[in-house]
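Note that this is a predicted model, so its numbers are computed, not measured.
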Amino acid sequence: MSAILIVVAALLLVTAVAGLRRAEQQVLEAIARGDTPATTTAASRALQRLQRAGVIRERNGRLETDTDRAVTYNAQRRQQGILLAVVTVSLLITSAVVTKMVLDRRAHGGASPAAATER
């Protein structure tokens with residue numbers, strides 16, 4: 001049961017991160033076109049994150065993108081995405097191994113498989 005919860009939590013985390021990344025990209029594209037970014041909750045959060053990172057700033061009442069910071073920010077986000085993928089896969093593998101160990105132990109009457117063969 002806990003393995004299922006771990007898998008669901010990992011998938012939710014990956015989905016949330018991907019959604020935030022997509023919202024950030026849409027905000028950057030809107031600013032590059034000279035449009036006002038969308039006013040959805042995700043877009044507002046993405047705009048705040050980009051402003052805190054210094055990628056977007058307001059000048060003369062208009063939003064502008066700092067290209068150098070945008071490149072650095074995107075590289076960092078890409079690295080974070082790779083790290084998240086590695087951690088998620090590791091978590092899923094660990095969950096599968098632990099589940100197999102528990103099932104093996106149950107199949108041998110609560111003892112470890114090695115102890116069951118010694119009997």
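The CZ atom of Arg78 sits 14.5 Å away from the CG atom of Leu83 when rounded to the nearest 0.5 Å. With values rounded to the nearest 0.5 angstrom, Leu13 atom CG is found 5.0 Å from Leu84 atom CG.
Contact record, Ser44 with Thr39: OG-O, 4.0 Å, taken as the closest heavy-atom pair. For Pro37 against Ala30, the heavy-atom pair with the smallest separation is CA-CB, 4.0 Å. Of all the heavy atoms in Ala53 and Arg69, the pair that sits closest is O-NH1, 3.9 Å. Nearest approach of Ala23 to Ala42, heavy atoms of both residues: CB-O, 3.8 Å.
Contact check for Arg21 versus Asn74: side-chain heavy atoms found under the 4.5 Å cut-off. Put simply, the side chain of Arg77 reaches to within 4.5 Å of the side chain of Leu20, judged on heavy atoms. For the pair Leu47 and Leu63, the minimum side-chain heavy-atom distance is below 4.5 Å. Residues Asp66 and Ile56 fail the side-chain proximity criterion, which asks for heavy atoms closer than 4.5 Å.
Of the possible polar contacts, none joining the Ser95 side chain to the Leu91 backbone as a donor-acceptor pair under 3.5 Å is found.
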Applying side-chain contact (heavy atoms from CB on, under 4.5 Å), run through Arg49 and Tyr73 and close with a yes or a no. CA-CA 11 Å; Arg49 284 178 59 101; Tyr73 183 79; 3.8 Å; yes
Start with the C-alpha gap between Thr36 and Ile31, add the side-chain angles, then the distance that decides, and say whether side-chain contact (heavy atoms from CB on, under 4.5 Å) holds. CA-CA 6 Å; Thr36 303; Ile31 292 171; over 6 Å; no
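The only member of Val97, Val102, Leu103 that meets side chain to side chain contact (heavy atoms under 4.5 Å, CB included) when paired with Thr99 is Leu103.
Other residues, nucleotides and ligands place more than 12 heavy atoms under 6.0 Å from the CZ atom of Arg57.
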